[in-house]
Structure formats: structure tokens, C-alpha cells
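First comes the structure, then the notes that go with it.
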Protein chains: 4
Amino acid sequence: MRTARRAQIIEAAIDTIAAEGLARASFARIARTAGLSSTGLISYHFAGKQELMDEVVRLVAAEFAAFVEERRDAEAGPAAELRAFIAANVEFASKHRTRLLAALDVARAERKPAFQVDLPGLAGLLRAGQRHGEFRFFDVDVMAIAVQSVLDGVLNRLAADQDADLGAYTEELATLFELATCG
Amino acid sequence: MRTARRAQIIEAAIDTIAAEGLARASFARIARTAGLSSTGLISYHFAGKQELMDEVVRLVAAEFAAFVEERRDAEAGPAAELRAFIAANVEFASKHRTRLLAALDVARAERKPAFQVDLPGLAGLLRAGQRHGEFRFFDVDVMAIAVQSVLDGVLNRLAADQDADLGAYTEELATLFELATCG
Amino acid sequence: MRTARRAQIIEAAIDTIAAEGLARASFARIARTAGLSSTGLISYHFAGKQELMDEVVRLVAAEFAAFVEERRDAEAGPAAELRAFIAANVEFASKHRTRLLAALDVARAERKPAFQVDLPGLAGLLRAGQRHGEFRFFDVDVMAIAVQSVLDGVLNRLAADQDADLGAYTEELATLFELATCG
Amino acid sequence: MRTARRAQIIEAAIDTIAAEGLARASFARIARTAGLSSTGLISYHFAGKQELMDEVVRLVAAEFAAFVEERRDAEAGPAAELRAFIAANVEFASKHRTRLLAALDVARAERKPAFQVDLPGLAGLLRAGQRHGEFRFFDVDVMAIAVQSVLDGVLNRLAADQDADLGAYTEELATLFELATCG
DNA sequence: CATGAATGAGGATTCATTCAT
DNA sequence: CATGAATGAATCCTCATTCAT
């Protein structure tokens with residue numbers, strides 16, 4: 001099936017980027033990772049390298065969004081939801097380090113904010129908290145960027161130090177933003 | 001003079017990376033930017049592409065550190081100092097977007113934390129605040145990463161949207177971390 | 001077919017080395033000789049220049065060994081066999097000057113004895129002759145080197161003077177070593 | 001003095017060729033070996049790389065010829081003189097391995113018989129031996145090439161195995177050619 | 001669909017040589 | 001004389017992409 005091959009190649013691209021870095025993720029190396037005998041197959045299934053890279057970002061962003069969405073509990077109130085959001089982020093970053101790392105590499109190289117899709121949701125959550133009176137009045141966009149950035153930074157730390165204490169990060173960050181938002 | 005040419009080439013590298021992206025910052029393009037007649041001249045002045053890239057990061061990191069250092073006021077107390085640190089960061093990012101962007105591109109591609117040199121200083125500041133009783137007890141390393149990451153995120157935003165309101169960012173972030181640290 | 005192209009490139013390499021010298025046998029010139037449209041094709045078929053050069057030596061050494069082997073007559077006795085060996089060498093050098101010249105160029109540049117593979121066989125022949133009592137007692141290794149070197153020298157002469165009298169060389173050398181070995 | 005600098009550069013060229021191989025003996029490396037701070041100086045003192053290489057061969061060939069000449073004893077008779085010639089050759093090769101190796105590398109790359117200058121002298125010696133009746137009638141040119149080639153081969157062996165037994169080689173080769181010439 | 005050969009542009013780097021100082 | 005900067009051609013090699021089979 002067309003879709004299966006595409007998926008296989010995307011996976012190989014992710015693995016290659018994570019293992020060797022974006023700069024060394026050539027079609028040749030991706031094909032080798034995928035066990036394909038020709039780079040021609042990649043060109044056949046993707047319009048160009050750009051499309052393959054776009055798909056890498058798109059796939060991981062979708063997985064990420066789904067993962068986070070699953071762990072939301074809209075009825076728990078904004079503060080609890082923010083904590084859940086942070087926990088879900090750290091958990092995803094920890095469980096799918098490779099995928100996230102690859103997607104961020106690509107997104108950064110293209111100078112696009114990694115998972116733009118996510119930001120509106122996060123901003124909405126923050127705005128809701130302000131309406132409920134649970135959050136103080138801050139610039140929602142700046143706070144959203146802040147949350148996003150900090151989670152990004154944690155991922156980088158996880159990339160460098162695989163044995164970092166996951167639970168500790170979650171607690172520290174949840175507290176940090178609890179204080180920062182609730183004033 | 002040796003130093004002048006090296007500096008010129010480093011500047012051209014910075015401009016090229018900022019304008020075209022790290023992936024497209026070849027010796028040919030850097031030489032063109034610098035107005036050199038040959039890529040050979042770059043190789044003459046630098047041991048290899050790696051050295052040139054290292055110098056880009058080193059130069060900007062040094063400028064950045066000096067800029068921030070100048071704006072410190074050690075006698076103002078940790079909280080005020082943290083605020084000054086954040087302000088200096090945002091100001092540098094705003095005034096030297098191009099340079100910072102280029103340096104971060106390189107540092108990220110090498111999967112090295114961008115300006116690692118800075119982190120110890122920041123961590124020291126945070127620890128001092130805790131000793132003074134001005135800051136609550138948080139994990140200093142996580143908080144340092146958080147500050148760093150958020151400033152990183154701001155830079156990215158600045159890269160995308162050149163007209164962002166600088167003062168607003170500074171105020172928002174200063175408040176954010178004031179709350180987060182003082183508890 | 002993979003093998004055919006490789007063979008074609010090896011042949012082109014041999015011709016180029018023989019015609020222009022090893023130092024000028026670049027991929028570009030080899031590709032031109034072979035009628036290829038790109039040096040990239042050479043890189044596609046060989047892991048690197050080293051591999052191509054190794055194959056040049058390996059191919060010619062194999063042809064040479066086969067040629068000599070065919071002309072051996074183990075039942076004729078060591079003295080006659082040595083003569084046959086010398087004759088085969090001169091004949092090969094004469095008939096395949098180009099190939100031998102190229103292979104020796106490469107082997108020499110790498111400071112490896114040209115056809116090391118051959119030496120053991122030659123040494124064996126000499127030792128057999130000593131056991132049979134047909135040869136006097138000399139240092140087998142030195143004599144092997146001597147035979148090899150003289151044949152090398154003849155090739156060089158043949159390279160410079162294409163019209164040299166083949167038969168005369170064979171006779172002279174056969175007599176020379178007959179006397180030298182039989183004492 | 002002009003001559004002194006030239007000599008210094010030639011020596012550096014010899015050392016570089018011997019140490020790194022002809023292919024890697026660039027002006028840059030030769031200048032480094034010589035302790036010069038610019039390759040420009042080499043170009044100033046030599047019309048081109050060709051001239052420098054020619055001088056390497058010329059110098060060593062002259063030293064070699066002088067060395068051999070000193071050890072000749074024209075009154076000892078052709079056979080003894082040939083033995084002395086061989087001994088002198090092996091001795092020179094052993095004492096000045098580096099220089100000889102470099103010169104031969106250059107000469108071979110240019111497909112010129114290494115020390116053509118020497119051959120006439122050797123041929124004369126052989127011819128004299130035939131006139132005296134001490135040598136049998138062989139083709140003088142072939143025998144001269146043979147002697148030369150064998151000594152070449154010995155040098156190569158010495159290059160690979162620095163601890164080879166010098167005296168043994170001399171004895172073996174002297175005997176070899178005594179038998180070969182006297183018949 | 002898949003293969004592997006082919007293409008040609010572009011990559012960093014090394015080279016001998018020139019020249020102003 | 002000596003220096004070191006500059007030049008531009010040439011080096012091997014990798015790349016994404018195309019195409020016949």
C-alpha cells in the first residue's frame with residue numbers, strides 16, 4: 001500500500017534525523033535506515049525532500065496533539081488543566097524523544113515554530129483561566145510561548161541527559177507556572 | 001591583517017546563516033556575501049568549516065555575555081538582578097537578532113545548548129537569591145533552563161515577527177519569573 | 001550491470017594512469033577517458049579513490065598471476081621452470097605494458113611491493129630447486145627480490161623504449177639467472 | 001645566500017617526500033618541514049615545482065655518483081670493481097635511505113630511469129670486463145639494467161624493513177652477479 | 001511498485017603560484 | 001629576501017532527482 005511505504009519512509013527519516021542529525025539525513029542514509037535498496041523509492045513516494053520533511057513534522061505534531069488532548073480534563077478547571085498539559089508534554093517528550101527531537105530539528109531548520117498547531121489550544125486554556133478568575137491578567141501569547149519554550153528546553157535537556165528525572169521536572173514546572181499564572 | 005579578515009568572514013557567515021539558513025550557508029555563499037573572490041580564502045583563514053562555525057558561536061556568545069554583564073547590578077539584590085538579566089536578554093535579542101539567530105542555528109544543529117557558558121552564572125544568581133531568602137526553594141537547574149528556554153522562545157518569536165513589542169515582552173517575562181521564583 | 005561498469009572504469013583508470021601518469025589520473029580525467037558524463041558515477045561504483053586504485057592493482061596482479069601460471073611446467077624441473085617464469089614475465093610485460101605500468105605506478109606510490117602475491121610462488125620455486133640439488137645455496141628471499149626487480153627494470157625499459165627486442169631480453173635474463181642460481 | 005636557501009628547501013622536500021610520500025609533498029608541507037612561514041619563498045627560489053623536483057633528483061644522483069666513485073678501485077680488475085660497485089650501492093642505500101627513496105619516488109613518477117647518469121659508467125665497467133676476458137659475452141645494456149634494478153629492489157626492501165641485514169645483501173648480490181657475469 | 005544506474009550541480013578543501021608590503 | 005594574504009583551478013565526494021527496466 002502506498003500509505004504503508006510512505007509511513008515506513010517517514011519513520012526511517014525520523015530515526016535517521018534523530019541518530020545522525022538533520023544535516024546528515026540524506027536520502028541515501030534514510031533509505032539505508034529503511035532497508036530500501038534505492039533512494040529512487042523515496043523520490044517516487046514524495047514529491048521532494050521538502051515534502052518528506054513536512055510530513056515528519058506533520059506526523060509528530062499530530063501524534064503530540066492527540067497525546068496531549070487525551071490527557072486533558074476540561075472539567076478540572078484551568079489551573080489543573082495547565083498542570084495536566086505540562087505533565088502530558090513532559091511525558092510525551094520522555095516517551096517519544098526520538099520523534100520529537102527529529103520533528104523539532106526540522107521545524108527549527110525551517111525557522112517555523114515547531115508545533116504552531118498547539119499554541120492556539122494552549123492560549124485558549126490560559127484565556128479560560130483568566131475568565132474564570134483563576135489566573136491573573138498576563139499577556140496570553142507571551143505566557144503560551146513561555147510554556148512552550150520551557151517544555152522545548154526540557155526536551156533538549158532530555159536529549160542530552162537521557163536519565164534526567166522526569167517526575168521532578170514535571171513537578172518543578174507545574175509549580176513554576178502555577179505561581180506564574182495565579183499570581 | 002589576519003584578525004580583520006577572519007572577523008569579516010565570520011560576519012559574512014553570520015549574515016548568510018541569518019539570511020539563508022544554516023543549511024544553505026556554504027563557503028561559496030559566505031564568500032559571495034563577504035565579497036571574496038574565492039572560497040579558498042575561507043579555508044586559508046579557518047582550519048575548516050567547523051572552526052568557522054565555532055567562531056560564530058563563540059563571538060556572539062561573548063558579545064552576549066558582555067552585553068548582559070554590563071547591565072548587571074549586583075548590589076540591587078537577586079530579584080532585581082534577575083529582572084535586569086531578563087531585560088538585558090530581551091534587549092540583546094532585539095538589537096542583535098541576526099547575530100543571535102545565526103549563533104543559535106549553529107548551536108542547535110550541533111545539539112549543544114546554545115550558550116552553555118551563561119547557565120552557570122544564571123544558576124549562581126538563582127542560588128544567591130535562595131540564600132538571601134528572597135527566592136523560594138526550587139530546583140535551580142530547572143529554573144535556569146526555564147529562564148534560558150523562555151528567552152530562546154522570545155528570540156524565535158522576534159525572528160518571525162520583527163515588530164513585536166519589546167517592552168511588553170520584558171515586563172511580562174520579568175513578572176512571570178518574579179512570581180515563579182518568589183512564590 | 002554493476003560489474004561491467006566497474007570493469008569499464010577500472011580499464012579507463014588503467015589507460016589514464018598509463019597515458020598521463022598516476023598524479024594526473026584524477027576522477028575527472030578517468031571519467032573523460034571512460035566516456036562518462038560525471039565523476040559522480042565513479043564514486044557511485046567505488047567507495048573511494050583508494051578502492052578504485054586497489055582494484056587496478058588487484059586486477060592486473062590476477063591477470064599477471066594467471067598468465068604466468070599458464071606457462072608453468074612443473075615437471076620440467078626447477079631450472080627450466082625459472083626460465084619459463086622469466087619468459088612469461090617478459091612476455092606479459094611486453095603484451096600488457098599499459099596495464100602493468102599502471103599497476104606498478106599505483107603499487108609504488110603506496111610503497112607496497114608491487115605483486116607481493118607472486119613472491120611466495122617464486123621463492124617456492126627457488127627452494128624446490130635447492131632441494132633438488134639443481135640450484136646452489138643462496139638466500140632465497142634475496143634471489144626472489146632480484147628476479148622480481150630485474151623484471152621490474154625490464155618493464156621500465158619497455159615503457160621508455162617500446163621497440164626493445166623482447167626475445168633478446170628473455171634470453172639474456174634467462175641465462176643471467178641460470179648462471180646465478182646454478183653456480 | 002641564495003644557494004643556502006635553495007639547499008635548505010631541497011632538503012625539506014626530500015624529507016617530506018620520504019616521510020609522507022610524493023603525492024603529499026605539497027609546497028605547504030615542504031615549507032612546514034623547512035620551518036618556512038610561506039610557500040611563496042619556495043616559488044621565489046624555484047621556477048616551479050618541477051624545478052624543485054628536478055633538483056631533488058639531481059642532488060641525490062650526484063651524491064650517489066660521488067659516493068660510488070670514491071669506492072671504485074679501477075686497478076682491481078673488472079670483477080672486483082663490480083663487487084665494489086654493488087657494495088657501494090648497498091651501502092649508500094643503507095646510509096642515505098631517506099634521500100634515495102625520495103629521489104626514486106620523483107624519478108619514477110616522471111617515468112625516467114632513476115639515475116640514468118650512472119648507467120653509462122656501469123656499462124663501461126661491464127664492457128671493460130668483457131674486453132679483459134674476465135666477463136662472458138652478455139648484452140651489456142641488459143646486464144646494466146639488471147644490476148641497477150636489483151639494487152633498486154634492495155632499496156625498496158630496505159625501505160620496508162629497516163633492520164634488514166646489510167652485509168648479507170651485499171654478499172648475496174655480489175655472488176649473484178659474479179656468477180652471472182663470469183659465466 | 002521497486003530497482004539501481006546515471007546525472008550534474010554543489011559541497012569543502014588543497015594546490016601552486018602571484019604579489020604587495 | 002621574506003612574508004602572508006590572495007587567487008582560481010582542481011581535487012574527491014555527496015547530493016536529490018530522473019529514468020529505463
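By convention in this document, chain letters (A, B, ...) are assigned in the order of the sequence lines, proteins followed by strands, and residues within each chain are numbered from 1.
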Only Watson-Crick and G-U wobble pairs with both distances less than 3.5 Å should count. Give DNA chain F in dot-bracket notation, marking inter-strand partners with |.
.||||||||||||||||||||
Find the distance C:Met53:CE to F:dC13:C1' and express it as a whole number of Å.
14 Å
side-chain contact (heavy atoms from CB on, under 4.5 Å) partner of D:Ile17, chosen from D:Met53, D:Arg29, D:Arg99:
D:Met53
State, with a plain yes or no, whether a side-chain heavy atom of A:Arg58 is found less than 4.5 Å away from one of A:Glu55.
yes
Measure the distance from CD on A:Gln8 to C1' on E:dA2 and round it to the nearest whole Å.
12 Å
Could you give the NZ-to-C1' distance, from D:Lys49 to E:dA16, as a whole number of Å?
8 Å
Atom pairs under 3.5 Å: protein N/O with N/O of nucleotides 4-8 of chain E:
residue	atom	partner	partner atom	Å
E:dG4	OP2	A:Ser37	O	3.3
E:dG4	OP2	A:Ser37	OG	2.9
E:dG4	O3'	C:Tyr44	OH	3.4
E:dG4	N7	A:Ser38	OG	2.3
E:dA5	OP2	C:Arg2	NH1	2.7
E:dA5	OP2	C:Tyr44	OH	2.6
E:dA5	N7	C:Tyr44	OH	3.2
E:dA6	OP1	C:Arg5	NE	2.8
E:dA6	OP1	C:Arg5	NH2	2.9
E:dA6	OP2	C:Arg5	NE	3.1
E:dA6	OP2	C:His45	NE2	2.8
E:dT7	OP1	C:Ser37	OG	3.2
E:dT7	OP2	C:Ser37	OG	2.6
E:dT7	O5'	C:Ser37	OG	2.6
E:dG8	N7	C:Ser38	OG	2.7

Salt bridge between A:Asp152 and A:Arg108, side-chain N to carboxylate O under 4.0 Å?
yes
Taking C-beta and beyond as the side chain, do B:Val57 and B:Glu110 meet within less than 4.5 Å on heavy atoms?
no
Are side-chain heavy atoms of C:Arg32 and C:Thr16 found at a separation under 4.5 Å?
no
In whole angstroms, the gap separating P of F:dT3 from CD1 of D:Ile42 amounts to 11 Å
Whole angstrom is fine here: how far is it from CD in C:Glu51 over to P in F:dC13?
10 Å
Is there a side-chain contact between D:His96 and D:Val60 in this structure, where contact means two heavy atoms from C-beta onward sitting under 4.5 Å apart?
no
Could you give the distance from CG (C:Asp15) to CD1 (C:Ile30), rounded to the nearest 0.5 Å?
10.0 Å
Heavy-atom pair of closest approach, residues D:Ala102 and D:Ala18:
CB-N, 4.3 Å
Between the side chain of D:Arg6 and the main-chain N/O of D:His45, is any donor-acceptor distance below 3.5 Å?
yes
By a strict heavy-atom criterion of less than 4.0 Å, which residues belonging to residues 19-32 of chain A are in contact with DNA chain F?
A:Ser26, A:Phe27, A:Arg29
Validation row: D:Leu36, D:Ile9 side chains within 4.5 angstrom (heavy atoms):
yes
Any heavy-atom pair between the side chains of A:Gln8 and A:Glu11 that's under 4.5 Å?
no
Could you give the CD1-to-P distance, from B:Ile9 to E:dT13, as a whole number of Å?
13 Å
